[in-house]
Undergrad: 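This is the structure I have questions about; it appears just below.
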Amino acid sequence: MRPYGHVALIGLGLIASSISHAMRRAGLEARITGTARTAATREAAAQLGLGEIVETPGEAVAGADLVVLCVPVGAMAEAAEAIAPHLAPGATVTDVGSVKRAVVEAVAPRLPDHVAFIPGHPLAGTEHSGPAAGFAELFDNRWCLLTPPPEADPEAVARLAAFWEALGARVETMEADHHDLVLAVTSHVPHLIAYTMVGVADDLRRVTASEVINYSAAGFRDFTRIAASDPTMWRDVFLSNKEATLDILGRFTEELFALQRAIRLGDGEHLHGYFTRTRAIRRGIIEAGQDTPSPDFGRIGRKG
Ligand code: NAP
């Protein structure tokens with residue numbers, strides 16, 4: 001598959017920075033240009049050597065054969081508008097947004113006909129943001145989901161897939177609405193639950209002084225990691241994946257009520273059966289190579 005000669009990164013946070021690092025690690029020789037909204041981020045990205053950092057999206061995409069939109073979902077429309085007049089004919093435009101239908105609606109109508117728009121979402125991230133948070137291994141063995149429109153040129157899709165594979169990812173294609181439903185289950189609602197639980201504990205902390213922090217055992221500590229995720233990114237995720245989030249949240253609430261009832265009635269059989277089923281899911285994730293089998297994610301015995 002013909003590699004890209006010039007990759008433009010619009011937005012220079014965790015994901016864009018990791019793309020740049022992973023491209024270098026893979027030995028891809030493409031020219032990398034990039035831009036971010038603020039001078040401070042552009043300066044930081046330049047210092048990290050992420051590529052040729054320029055002031056405007058128009059300058060960044062001029063002559064690029066791959067443009068990757070790496071801004072929050074709510075900023076995608078504005079980014080598409082800014083790059084549209086400067087895109088080279090035949091270029092591929094993609095994005096890394098965590099929601100797909102809203103991005104398709106925001107970006108596709110703003111792009112000229114002479115480019116291919118192939119939305120994407122690498123299922124890889126951390127609770128850190130900004131260019132300094134990026135690292136070359138972020139996409140290793142993680143899925144990158146592409147949601148090409150039905151009329152997309154298969155060769156352009158295969159070329160983008162090969163790019164992500166070179167960065168270490170596994171690639172799958174699916175329909176945008178299906179992506180949004182799957183991600184509501186696997187990522188969006190779990191984040192909402194973590195945000196809620198940490199919020200509840202924070203309220204309690206006022207009552208119990210520092211106990212919540214001092215005794216934060218693994219369960220709560222894992223919630224706090226998720227709940228430390230970027231507020232802008234996650235605000236945009238919920239605002240733009242409203243339907244699927246509310247659907248899954250409704251099912252979640254029903255299950256929660258069922259468990260609440262089992263606890264009230266002392267129905268140990270129900271609780272045990274439920275927890276046995278969920279434990280098997282963790283085993284499945286480990287067997288699929290998507291997490292470590294080490295106890296407590298390998299934190300036990302780890303120094304520092
Ligand atoms: P990030 O580290 O916070 O970086 C965001 C970048 O977008 C920054 O360069 C920022 O510029 C720029 N930006 C923010 N608001 C903007 C606006 N209104 N207009 C133009 N530029 C703006 O974010 P990230 O974690 O890399 O996430 C980027 C995208 O990847 C998001 O769409 C997110 O949904 C998706 N994603 C994230 C993860 C994750 O776990 N983090 C995983 C998969 C996909 P300044 O710094 O100059 O403000």
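Because only heavy atoms are used, hydrogens play no part in the values below, and waters and symmetry mates are left out as well, while side chains stay in. Each ligand, and each atom within it, is numbered from 1 in the order the structure gives.
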Undergrad: Does only the side chain of Thr38 get under 4.0 Å from ligand 1, or the backbone, or both, or neither? Count heavy atoms.
TA: both

Undergrad: Quick check on contacts: which atoms of ligand 1 are under 4.0 angstrom from a heavy atom of Ala75?
TA: 16 (C), 17 (C), 18 (N), 19 (N)

Undergrad: For atom 35 (C) of ligand 1, what is the nearest protein heavy atom, given as residue, atom name and distance?
TA: Val96 O, 3.2 Å

Undergrad: Heavy atom to atom 31 (C) of ligand 1, shortest distance: which of Ile10, Ile15, Val71, Leu14 holds it?
TA: Val71

Undergrad: So, Glu52 and Arg31, do they make that salt bridge, N to O below 4.0 Å?
TA: yes

Undergrad: Relative to Phe139, does Arg142 satisfy both conditions: NZ or CZ under 6.0 angstrom from the six-membered ring centre, and within 45 degrees of the ring's axis?
TA: no

Undergrad: Could you check atom 40 (O) of ligand 1 against the protein and tell me its nearest heavy-atom contact, residue, atom and distance included?
TA: Gly125 CA, 3.2 Å

Undergrad: Quick one: look up the protein heavy atom nearest atom 6 (C) of ligand 1 and list residue, atom name and how far away it is.
TA: Cys70 O, 3.8 Å

Undergrad: Given Met23, which partner from the list Leu9, Val7, Leu50 fulfils the side chain to side chain contact (heavy atoms under 4.5 Å, CB included) test?
TA: Val7

Undergrad: With distance as the sole test, does Asp95 use its side chain to make a donor-acceptor pair with the main-chain N or O of Leu69 at under 3.5 Å?
TA: no

Undergrad: Considering non-hydrogen atoms of the protein only, which is the closest contact for atom 46 (O) of ligand 1, and what is the distance?
TA: Thr41 OG1, 2.5 Å

Undergrad: If you measure from atom 42 (C) of ligand 1 to every heavy atom of Ala132, Ser98, Ser187, Ala124, which option wins on shortest distance?
TA: Ala124

Undergrad: With backbone taken as N, CA, C and O and side chain as the heavy atoms from C-beta onward, which portion of Thr126 lies under 4.0 Å from ligand 1: side chain, backbone, both, or neither?
TA: backbone

Undergrad: Side chain of Asp180, backbone of Lys100: donor and acceptor closer than 3.5 Å?
TA: yes

Undergrad: Check this for me - ligand 1, Ser129, N or O atoms closer than 3.5 angstrom, yes or no?
TA: no

Undergrad: Following the transitive rule for hydrophobic clusters with a side-chain heavy-atom cut-off under 4.5 Å over Ile, Leu, Val, Met, Phe, Trp and Tyr, establish whether Val93 and Val103 coincide in one cluster.
TA: yes

Undergrad: At less than 4.0 angstrom from any non-hydrogen atom of Pro122, what atoms of ligand 1 do you find?
TA: 43 (C)

Undergrad: Tell me: protein heavy atom nearest atom 8 (C) of ligand 1, and distance?
TA: Leu12 N, 3.9 Å

Undergrad: Return the closest protein heavy atom for atom 13 (N) of ligand 1 as residue, atom name and distance.
TA: Pro72 CD, 3.6 Å

Undergrad: Any nitrogen or oxygen of Arg37, main chain or side chain, under 3.5 Å from a nitrogen or oxygen of ligand 1?
TA: yes

Undergrad: Would you say Val237 contacts ligand 1, with heavy atoms under 4.0 Å as the rule?
TA: no

Undergrad: Quick one, Lys242 and Thr245 - any side-chain contact, counting heavy atoms below 4.5 Å?
TA: no

Undergrad: Is there a donor-acceptor contact under 3.5 Å from the side chain of Arg24 to the main chain of Ser20?
TA: no

Undergrad: Within the supplied structure, the quantity of interest is the number of heavy atoms (other residues, nucleotides, ligands) at a distance under 6.0 Å from Glu59 CD; does it exceed 12?
TA: yes

Undergrad: With the threshold set at under 4.0 angstrom, would you say His121 reaches ligand 1 through any of its heavy atoms?
TA: yes

Undergrad: Is the contact between Pro131 and ligand 1 made by the side chain, the backbone, both, or neither, using heavy atoms and a 4.0 Å cut-off?
TA: neither

Undergrad: Is the side chain of Asp65 donor-acceptor paired with the backbone N or O of Gly5 at a distance under 3.5 Å, no angle test?
TA: yes

Undergrad: Can you confirm whether Gln290 is buried at CD, in the sense that more than 12 heavy atoms of other residues, nucleotides or ligands lie under 6.0 Å from that atom?
TA: yes

Undergrad: Starting from atom 4 (O) of ligand 1, what is the nearest protein heavy atom, named by residue and atom, and what distance separates them?
TA: Gly13 CA, 3.2 Å

Undergrad: Is any N or O atom of Gly11, backbone or side chain, closer than 3.5 Å to an N or O atom of ligand 1?
TA: no

Undergrad: Just by distance, do the side chain of Thr94 and the backbone of Val68 share a donor-acceptor pair under 3.5 Å?
TA: no

Undergrad: Report yes or no: does Ala45 have a heavy atom closer than 4.0 Å to ligand 1?
TA: no

